[in-house]
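In this chain, numbering begins with 1 at the start of the sequence shown.
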Amino acid sequence: MAEPLKASRTAVQVCQGRAAADGRLAVGRFADPTAWVLLRPDEREPVQWVRDGAVPRPWAQRIDYETVLGTSELMAARTVAIDDAVRACEAPQVVILGAGLDGRAWRLLSGRAVYEVDQPASQEDKRRRCAPLEGEPPVFVPVDFRADRLDAALAAAGHRPELATVWVWEGVVPYLTPAQVEATVGVIAGCSAAGSRLVVNFQTPGRGMALGRLVARAVARSTGRASVWRDEPWRSTWTPTEMASLLSRHGFGAVADIDLVEVAAELGLVVRRELSLRHSPVMIADRG
């Protein structure tokens, strides 16, 4: 019997990063007022430390502070890159795969049909958190990839494959095996009319990144807590050439390979963890 699915802890960390960056980093280009609302009171505490520049002394709290601070730098650059790509495509439908605590349905996508796909436990958690947000919520599409078909679930939710779609696939690919990534791209292609766009964020190979995650796990253990990656390990990395080739095999032509270090420089961000940004590119691919 398969283990019960749990709500994603990495989704909370990403949301904390966005909340810490909102109004503080890349002002005028980056904004996400939904992030703070989607966090619980205890999850907001380290965000407030970062926003106030109040470095805590206790070791466990200092680790939380540094984690949120580093994540805020990554999320400001990554969010701007993806938001720009989504805005530039006028497709009437948007599907956010592995949506986690993404707030785009409320802050960016008014007037479009928005479908959020995620595993059931994460979506149940998201539904409770998003209740205070004003505006039209997305259509929630719970998918357990161990048993459910993505295309069937989307069709049942009202997605129309004969219309163009923007697909947002952010922060998910590393947690899937290569076979799962290829299978998902195949389903996306089968649900994408001409004029569709896939915006995909992935991890590139690097010994430094693997070592960094081992160090992060050791640091988490030193605080008496398990790493957020314990239950969500990385399962694949891709070079830009490999990802472009995969997308091409399924009818998507890569139009941009975005280096987040360059995005951060354009935004005037001071980045302390350049390696994280360097190994987390965003690729934009269109279907003709």
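For His250, there are no ring pair (Phe, Tyr, Trp, His ring centres under 6.0 Å) partners, not counting sequence neighbours. The salt bridge (Lys or Arg N to Asp or Glu O under 4.0 Å) search around Glu242 returns none, not counting sequence neighbours. The salt bridge (Lys or Arg N to Asp or Glu O under 4.0 Å) test applied to Asp286 returns Arg197, not counting sequence neighbours. Under the salt bridge (Lys or Arg N to Asp or Glu O under 4.0 Å) criterion, Arg129 pairs with Glu43, Asp125, sequence neighbours left out. Residues meeting the salt bridge (Lys or Arg N to Asp or Glu O under 4.0 Å) test with Asp32, sequence neighbours left out: Arg107. Listed by chain and number, the residues in a side-chain hydrogen bond (donor to acceptor under 3.5 Å, both in side chains) with Asp42 amount to none (sequence neighbours excluded).
Across all their heavy atoms, Ala26 and Leu269 have their closest contact at N-CD2, 3.8 Å. Across all non-hydrogen atoms, the minimal contact from Pro92 to Ala164 is CD-O, 3.4 Å. Gly195 and Cys89 make their closest contact through O-SG, 3.8 Å (heavy atoms, listed as atom of the first residue, atom of the second, distance).
Residues Val200 and Leu247 form a side-chain contact, since some pair of their non-hydrogen atoms from C-beta on lies under 4.5 Å apart. Side-chain contact between Phe202 and Val181 is absent, with no heavy-atom pair separated by less than 4.5 Å. Annotation: side chain of Leu246 is in contact with side chain of Arg249 (closest heavy-atom distance under 4.5 Å). For the pair Pro138/Ile96, no side-chain contact is recorded, criterion being any heavy-atom separation below 4.5 Å from C-beta on. Between Trp238 and Val173, some side-chain heavy-atom pair lies under the 4.5 Å cut-off. With a 4.5 Å cut-off on side-chain heavy atoms, Gln119 and Pro142 do not count as touching. Using a 4.5 Å heavy-atom cutoff, the side chains of Val282 and Val199 are in contact. Residues Leu97 and Val168 have side chains not in contact (no heavy-atom distance under 4.5 Å, counting atoms from C-beta outward).
Residue Thr184 holds its OG1 atom at 10.0 Å from CD of Glu182, rounded to the nearest 0.5 Å. Note that SG of Cys130 is 4.0 Å distant from CZ of Phe140, once rounded to the nearest 0.5 Å. To the nearest 0.5 Å, the span separating OG on Ser192 from CG on Leu198 amounts to 7.5 Å. Residue Gln16 holds its CD atom at 10.0 Å from CH2 of Trp36, rounded to the nearest 0.5 Å. The CH2 atom of Trp49 sits 15.0 Å away from the CZ atom of Arg44 when rounded to the nearest 0.5 Å. Annotation: the span from Met243 atom CE to Thr237 atom OG1 amounts to 9.5 Å, rounded to 0.5 Å.
Identified under the ring-ring contact (aromatic ring centres under 6.0 Å, His included) test for residues 86-122, with sequence neighbours left out: Tyr115-His159. Screening residues 85-99 for salt bridge (charged side-chain N to carboxylate O under 4.0 Å, His left out), with sequence neighbours left out, gives Asp84-Arg87. Listed by first then second residue, pairs satisfying salt bridge (charged side-chain N to carboxylate O under 4.0 Å, His left out) with a partner in residues 111-122 read Glu116-Lys126, not counting sequence neighbours. Every pair tested for salt bridge (charged side-chain N to carboxylate O under 4.0 Å, His left out) that includes a residue from residues 172-181 fails, sequence neighbours excluded, so the list is empty.
Using a 4.5 Å cut-off between side-chain heavy atoms of Ile, Leu, Val, Met, Phe, Trp and Tyr, with links allowed through other members, Val117 and Leu101 fall into different hydrophobic clusters. Residues Val271 and Ile82 share a hydrophobic cluster, clusters being chains of Ile/Leu/Val/Met/Phe/Trp/Tyr side chains in contact below 4.5 Å. Linking ILVMFWY residues whenever their side-chain heavy atoms come closer than 4.5 Å, directly or via other members, leaves Val47 and Ile63 in distinct clusters. Val12 and Tyr175 are assigned to two separate hydrophobic clusters, defined by single-linkage of ILVMFWY side chains at heavy-atom distances under 4.5 Å. A chain of hydrophobic side-chain contacts below 4.5 Å, direct or via other Ile, Leu, Val, Met, Phe, Trp or Tyr residues, connects Leu38 to Val50.
Atom CD of Glu162 has more than 12 neighbouring heavy atoms from other residues, nucleotides or ligands inside a 6.0 Å radius.
Side-chain atoms of Arg51 come within 3.5 Å of backbone atoms of Asp22 as a donor-acceptor pair (strictly under, hydrogens ignored). Here the side chain of Gln123 pairs no donor or acceptor atom with the backbone of Pro120 at under 3.5 angstrom. A distance-only check finds no donor-acceptor pair linking the side chain of Ser280 to the backbone of Leu277 [under 3.5 Å]. Of the possible donor and acceptor atoms, none in the side chain of Gln203 sits under 3.5 Å from a partner among the backbone N and O of Ser236.
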For residues 254-268, dump all side-chain donor-acceptor pairs below 3.5 Å to protein atoms at least two apart in sequence or in another chain.
| residue | atom | partner | partner atom | Å |
| --- | --- | --- | --- | --- |
| Asp259 | OD1 | Val261 | N | 2.8 |
| Asp259 | OD2 | Arg278 | NH1 | 2.5 |
| Glu266 | OE2 | Arg29 | NH1 | 3.1 |

Name every donor-acceptor pair, under 3.5 Å, that has one atom in a side chain of residues 72-81 and the other anywhere in the protein, sequence neighbours excluded.
| residue | atom | partner | partner atom | Å |
| --- | --- | --- | --- | --- |
| Ser72 | OG | Arg24 | NH2 | 2.9 |
| Ser72 | OG | Leu69 | O | 2.6 |
| Glu73 | OE1 | Arg272 | N | 3.3 |
| Arg78 | NE | Glu170 | OE2 | 2.8 |
| Arg78 | NH1 | Asn201 | OD1 | 3.2 |
| Arg78 | NH2 | Glu170 | OE2 | 3.4 |
| Thr79 | OG1 | Arg18 | NE | 3.1 |
| Thr79 | OG1 | Met75 | O | 2.6 |

Verify side chain to side chain contact (heavy atoms under 4.5 Å, CB included) between Trp169 and Ile188, making sure each step is shown before the conclusion. CA-CA 11 Å; Trp169 205 8; Ile188 291 171; 4.3 Å; yes
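Side-chain atoms of Thr239 and Thr241 include no donor-acceptor pair closer than 3.5 Å.
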